[in-house]
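Below is one structure; the comments refer to it alone.
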Amino acid sequence: MSYSVDIDRKWQKKWEETKLYKFNPDAEGKKLYCLEMFSYPSGANLHLGHWYNYSLTDSWSRMKRMQGYNVFHPMGFDSFGLPAENYAIKTGIHPKDSTLNNIATMEKQLREMGATYDWDYELATCMPEYYKWNQWFFIQLYNRGLAYRKNAPVNWCPKCQTVLANEQVVNGECERCGTEVVHKHMTQWFFKITDYAQELLDCLPQLDWPEKTKKIQTNWIGRSEGSQVAFYVEKDGKQLMNDDGTPVKLEVFTTRADTFMGVTYVVVAPESELCEKLTTAECKEAVDAYRAATSKVTDIDRMSTTREKTGVFTGSYAIHPLNGRKVPIWSADYVIAAYGTGVVMAVPSHDERDFEFATKFGLDIIRVVASEPGAEDELPYCEKKGVLVNSGEFDGLEMHDAIDAIVAKLNSMGMGEKKINYRLRDWLISRQRYWGTPIPMIHCPSCGVVPVPEKDLPVVLPYDVEFTPDGESPLAKCESFINCKCPKCGGDAKRDPDTMDTFVDSSWYQFRYADPKNSDAIFDSSVVNRMCPVDKYVGGAEHAAMHLLYARFFTKAMRDMGLVDFDEPFQSLVHQGVILGPDGQKMSKSRGNTVAPDDYISKYGSDVFRTYLAFGFAYIDGGPWSDGGLQSIVKFIGRVEKTVADVKDIASSSYDASSLTSDDKDLLYALNYAIKSATADIDRFQFNTSVARMMELLNAIGKYQQLPAAKPELLRYTVEKLVLLLSPFAPHFTEEQWEILGNEYSIFNQKWPEYDESALVKDTIEIAVQINGKVQFKVDIPTEADQAAVEEIVKADSRLDGALAGRNIVKFIYVKGRLANIVAK
RNA sequence: GGCCCCGUAGCAGAAUCUGGCAUAUGCACUGCACUAAGGAUGCAGGGUUUGCGGGUUCGAAUCCCGCCGGGGCUACCA
């Protein structure tokens with residue numbers, strides 16, 4: 001029976017019956033946790049991206065397994081989220097029903113891929129057994145002050161009808177649907193990821209992650225070293241005081257404290273609460289109008305640097321702590337409430353934005369930094385070098401020294417200090433949607449916010465809910481859900497109506513896999529500490545600043561709670577590339593350039609498809625699909641099959657190593673070279689070159705087969721090794737060939753081939769002879785020859801005189817095993 | 001605007017980390033064998049001033065500088 005989808009079925013059945021892929025945590029071998037980002041269970045069959053991600057990670061795992069590792073390779077479903085809910089709104093099919101159906105379909109398809117998953121470790125985040133622990137962990141965070149509620153300007157997606165985290169807003173648009181987000185003030189739950197900002201940064205260098213991804217996280221966290229300085233405020237001719245009688249200090253963050261003496265005004269973000277506080281009665285009308293206008297400007301417009309600056313005077317003044325100058329406080333939308341303190345000191349002489357603003361509104365511009373003493377640089381002068389002028393006691397100081405001196409002086413007055421600011425904001429996790437984990441909090445009129453007691457978890461997501469979005473949380477409209485008793489006082493209370501961002505689900509699933517059925521705890525720490533962190537994590541690069549950052553935060557919080565004893569969830573990370581349509585464009589239904597895996601699999605079998613995915617692309621780059629490339633695998637698999645048929649009746653595969661001809665040695669060289677290279681290439685996810693080495697080996701076997709003196713045992717030996725090398729990519733096919741060869745089940749219980757270094761050492765090698773770097777001719781030399789010996793051989797060569805063409809040899813360089821270069825003049 | 005990555009036969013893609021015979025492997029192409037023919041299969045073959053310019057070096061696809069082209073991240077971040 002030649003290879004087809006029937007062979008796939010035959011072996012899938014046998015693997016299942018013999019429980020070949022059952023994971024035993026106590027088995028021998030070093031533990032190796034290999035994980036792909038789990039997938040959202042959509043209604044359609046597995047698409048090409050799934051196959052590319054899952055089948056090749058499976059190939060990697062298979063090799064590792066054969067190398068003796070105890071490989072843990074689980075699979076599950078990220079099954080809460082908007083698509084199921086939107087689908088339900090369209091079709092009337094409840095998200096729970098469609099999701100469970102889809103999971104069943106995907107499971108079936110994943111089984112047909114022939115992957116090594118142990119389904120006993122499966123998990124689905126929409127099951128109460130899973131999300132109970134989201135709720136439990138939420139309460140742990142709350143108890144430690146890492147989950148809190150605040151009223152803040154938030155991003156609202158009008159189409160998804162929910163708030164979004166900062167990470168989920170891309171260029172002012174909703175990451176999911178591309179709708180422009182608007183700002184709203186709402187009271188929402190946040191996770192305090194900013195507490196870990198510095199550690200999230202510090203641990204990046206030690207991770208075996210793509211540099212690009214680490215860079216994205218570094219940028220996202222956005223550490224900025226500067227100073228926080230303060231101004232007192234004068235409103236209506238008097239110093240502005242706090243409710244407690246202390247004077248109000250207007251704090252600003254700056255990286256340019258050296259320009260402090262050049263401050264001529266201060267700007268407060270219009271959407272910040274401070275703005276309201278600072279506005280005088282006379283200016284109230286104008287400021288309110290400005291604030292209203294600002295709230296209508298979209299983020300996209302507001303972020304545009306070409307837009308003309310706008311702003312309005314608040315009526316109050318800031319008092320400069322060093323020179324006592326009274327400078328006006330303006331409100332302008334070029335200052336953002338959420339970054340730093342939402343207030344900036346304006347130095348128009350040395351900042352382009354402030355210069356533009358000051359010019360437009362006729363505010364003072366005072367030069368305080370000069371490129372050289374006495375220089376009259378054109379303003380604004382924004383170079384970060386120079387000396388101070390017009391700055392009183394600080395005149396003449398180099399700017400970096402000036403920062404230190406000015407901050408020291410302010411510090412002595414209690415008006416400033418060095419400060420590190422981060423761009424990272426806390427993670428907003430409330431969502432005004434239905435299909436997610438209910439937030440386990442109760443709002444009591446007399447006790448305030450009260451966590452649901454642990455014994456009452458999970459707070460089950462009710463089934464019968466009107467979830468068509470209208471801007472209000474669907475759960476709020478479900479009477480049986482929302483009304484409850486306060487756990488503290490027993491009085492009437494209401495549950496929190498929101499559900500959690502689904503990124504909460506995926507921030508810790510990698511640990512739950514190790515202990516997925518635990519009903520007493522989120523997981524057994526001793527089990528997780530043994531199995532985790534994940535050794536190899538594979539998934540798309542689009543999660544760099546979301547999932548991958550959140551999961552790192554959860555891990556650190558769990559460590560600090562004593563749940564785990566390591567710092568990072570994913571030691572090594574690989575991003576697969578994207579497979580494009582045959583036309584080189586992104587695949588899409590509207591372009592009509594999609595490739596449906598099922599068509600190919602039913603026609604050629606899963607292994608042809610898998611092996612082509614390995615061979616046809618640089619894994620991390622992806623690239624255009626090619627039917628021609630797939631045909632080359634059909635051909636290759638056919639040739640291997642034919643070669644196995646040729647050697648299957650040869651009784652033995654042990655050859656006599658003491659009587660090898662040079663042809664035998666050439667074949668062994670090809671074999672050992674293939675083993676060495678293919679192994680290294682699979683290891684580093686360079687599957688395309690690994691298959692190429694196997695093709696070379698097959699070509700070498702073909703040549704050897706033609707020789708009259710070919711040794712049958714050696715031939716069979718080599719073919720068996722080739723079948724083993726191919727087994728991670730073509731598991732069903734090679735299992736079949738292994739059986740045809742009369743070997744014992746299963747090929748996946750065999751040891752991975754190891755190469756023999758001595759077979760890779762040839763007696764003589766061919767090297768190139770260069771003159772001034774240009775290749776002239778080639779000579780054979782003994783492998784161990786030294787420079788003097790090679791020089792002698794080359795100088796004796798009859799072709800040398802012609803190549804020299806009358807020039808004299810100045811120098812002779814021999815690079816061992818590579819080439820000889822003659823410097824000639 | 002700032003930071004980062006990439007550019008190798010007609011195509012995909014190795015070799016770049018660690019400078020050393022430029023292109024492994026496959027597709028496409030050409031020829032031969034098999035065939036009544038076509039297809040399938042097998043065998044053989046051609047093809048590159050490594051985006052451009054400069055530098056370092058005995059030697060540069062590889063390291064350094066500038067430019068051109070493509071992509072990514074980030075962005076009134078104070």
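Only heavy atoms go into these numbers, but all of them, side chains included; no hydrogens, no water, no symmetry mates. All chains are named by letter (A, B, ...) in the order of the sequence lines, taking the proteins before the strands, and each is independently numbered beginning at 1. Everything numeric in this text was worked out from a predicted model, so none of it was measured.
B:G72 atom C1' lies 13 Å from atom CG of A:D621, rounded to whole Å. Computed from coordinates, the A:K703 NZ to B:G42 P distance equals 13 Å when rounded to whole Å. The separation between A:F636 atom CZ and B:U41 atom P is 15 Å, rounded to whole Å. When rounded to the nearest whole Å, the span between CG of A:N772 and P of B:G20 equals 19 Å. Here B:C58 presents its P atom at 15 Å from CD of A:Q787, a figure rounded to the nearest Å. Rounded to an integer number of Å, the gap from A:I813 CD1 to B:G19 P is 15 Å. Following rounding to the nearest Å, A:R425 (CZ) and B:C77 (P) show an atom-to-atom distance of 12 Å. Rounding to whole angstrom units, CH2 of residue A:W209 and C1' of B:C4 are separated by 18 Å.
Of the candidate nucleotides B:A22, B:C3, B:U74, B:C3 has the atom lying nearest to any side-chain atom of A:K215. Side chain of A:D333, nearest nucleotide from B:C73, B:C76, B:A75: B:C76. For A:W220, the listed nucleotide lying nearest its side chain is B:U74; candidates were B:A78, B:A15, B:U74. The side chain of A:I216 lies closest to B:C73, out of B:G20, B:C73, B:C77. The side chain of A:R818 lies closest to B:G20 when the candidates are B:G20, B:U25, B:C77. In the set B:U74, B:C58, B:A78, B:U74 carries the atom at the smallest distance from any side-chain atom of A:R423. Considering only the side chain of A:M695, B:G26 comes nearest among B:G26, B:C77, B:A14. Of the candidate nucleotides B:C77, B:A44, B:A14, B:A14 has the atom lying nearest to any side-chain atom of A:T689. For A:A768, taking side-chain heavy atoms from C-beta onward, the closest of the listed nucleotides B:C21, B:A75, B:G20 is B:C21. Residue A:R307 has its side chain nearest to B:C76 when only B:G42, B:G20, B:C76 are considered.
A:Y550 and A:E167 share a side-chain donor-acceptor pair at under 3.5 Å. For A:D354 and A:Y334, the side-chain atoms include at least one donor-acceptor pair closer than 3.5 Å. A donor and an acceptor atom, one from each side chain of A:D426 and A:T194, are located under 3.5 Å apart.
Using a 4.0 Å heavy-atom criterion, one finds that A:G622 contacts the sugar-phosphate atoms exclusively. Nucleic acid contact for A:V775: sugar-phosphate only, since backbone atoms but no base atoms lie under 4.0 Å from a heavy atom of the residue. Among the atoms of the strands shown, none is found under 4.0 Å from any heavy atom of A:I822. Counting any heavy atom pair closer than 4.0 Å across all strands shown, A:S626 reaches no nucleic acid atom. Within the nucleic acid shown, A:R693 comes within 4.0 Å of at least one base atom, counting heavy atoms only. Within the 4.0 angstrom heavy-atom criterion, only backbone atoms of the sugar-phosphate kind lie near A:G616; the bases stay farther away. Nucleic acid contact for A:E766: base, since at least one base atom lies under 4.0 Å from a heavy atom of the residue. A:V823 comes within 4.0 angstrom of sugar-phosphate atoms only, judged by non-hydrogen atoms across all strands, and of no base. Contacts of A:D351 with the nucleic acid, taken as non-hydrogen atoms under 4.0 Å apart, are absent. The residue A:V267 sits apart from the nucleic acid: no heavy atom pair falls under 4.0 Å. Residue-level contact check: A:N699 touches the backbone only, with heavy atoms under 4.0 Å from sugar-phosphate atoms and none from bases.
Comparing the C1' positions of B:G66 and B:G20 gives an interatomic distance of 27 Å, to the nearest angstrom. Separating the P atom of B:C6 from that of B:C65 is a span of 13 Å, rounded to the nearest Å. Nucleotides B:A9 and B:C29, compared at atom C1', are 12 Å apart to the nearest Å. Look at the P atom in both B:A15 and B:C58: the space between them is 28 Å, to the nearest Å. Across the C1' atoms, B:G10 and B:C4 are found 32 Å apart, a figure rounded to whole Å. B:U62 sits 24 Å from B:U25 when the P atoms are compared, rounded to a whole Å. With P as the reference atom, B:C43 and B:U49 are 30 Å apart, rounded to whole Å. Between B:A44 and B:C63, the two P atoms lie 36 Å apart (nearest whole Å).
Checking B:G1 for Watson-Crick or G-U wobble geometry (two distances, each under 3.5 Å) identifies B:U74 as its partner. When both pairing distances are held under 3.5 Å, B:C29 makes a Watson-Crick or G-U pair with B:G45. Nucleotide B:G69 forms a pair with B:C6, judged by Watson-Crick or G-U wobble geometry with both contacts under 3.5 Å. Pairing partner, B:U62: none, since no Watson-Crick or wobble contact has both distances short of 3.5 Å.
A sub-4.0 Å separation between OP1 or OP2 of B:G39 and a side-chain N or O of A:Q631 is absent. Within the 4.0 Å cut-off from OP1 or OP2 of B:G26, not a single side-chain nitrogen or oxygen of A:K635 is found. Neither OP1 nor OP2 of B:C17 sits under 4.0 Å from any side-chain N or O of A:R684. For the pair A:Y339 and B:A78, the criterion of a side-chain N or O lying under 4.0 Å from OP1 or OP2 is met. Not one side-chain nitrogen or oxygen of A:N688 sits closer than 4.0 Å to the OP1 or OP2 atom of B:C27.
The aromatic rings of A:W60 and A:F685 lie tilted to each other, with the angle between the two planes from 30° to 60°. Below 30°, between 30° and 60°, or above 60°: for A:Y612 and A:W625 the angle between ring planes is above 60°, a perpendicular geometry. The aromatic rings of A:H320 and A:F260 sit tilted relative to each other, their planes meeting at an angle between 30° and 60°.
In this structure A:R223 satisfies the salt bridge (charged side-chain N to carboxylate O under 4.0 Å, His left out) test together with A:E225, sequence neighbours excluded.
By the 6.0 Å and 45° rule, A:R610 does not stack over the aromatic ring of A:W51. A cation-pi arrangement is absent between A:K309 and A:F357 under the rule of less than 6.0 angstrom and at most 45 degrees off the ring axis.
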Kindly list each side-chain donor-acceptor pair under 3.5 angstrom involving residues 768-775 of chain A, sequence neighbours excluded, with atom names and distances?
residue: A:N772; atom: OD1; partner: A:A824; partner atom: N; Å: 3.0
residue: A:N772; atom: ND2; partner: A:A824; partner atom: O; Å: 3.2

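Nearest-nucleotide mapping onto RNA chain B: of A:G702 and A:G817, the residue sitting toward the 5' end is A:G817.
In this model, no side-chain donor or acceptor of A:K212 finds a partner on the base of B:C73 within 3.5 Å. Contact of A:K778 with B:C21 (side chain to base): a donor-acceptor pair of N or O atoms is detected under 3.5 Å.
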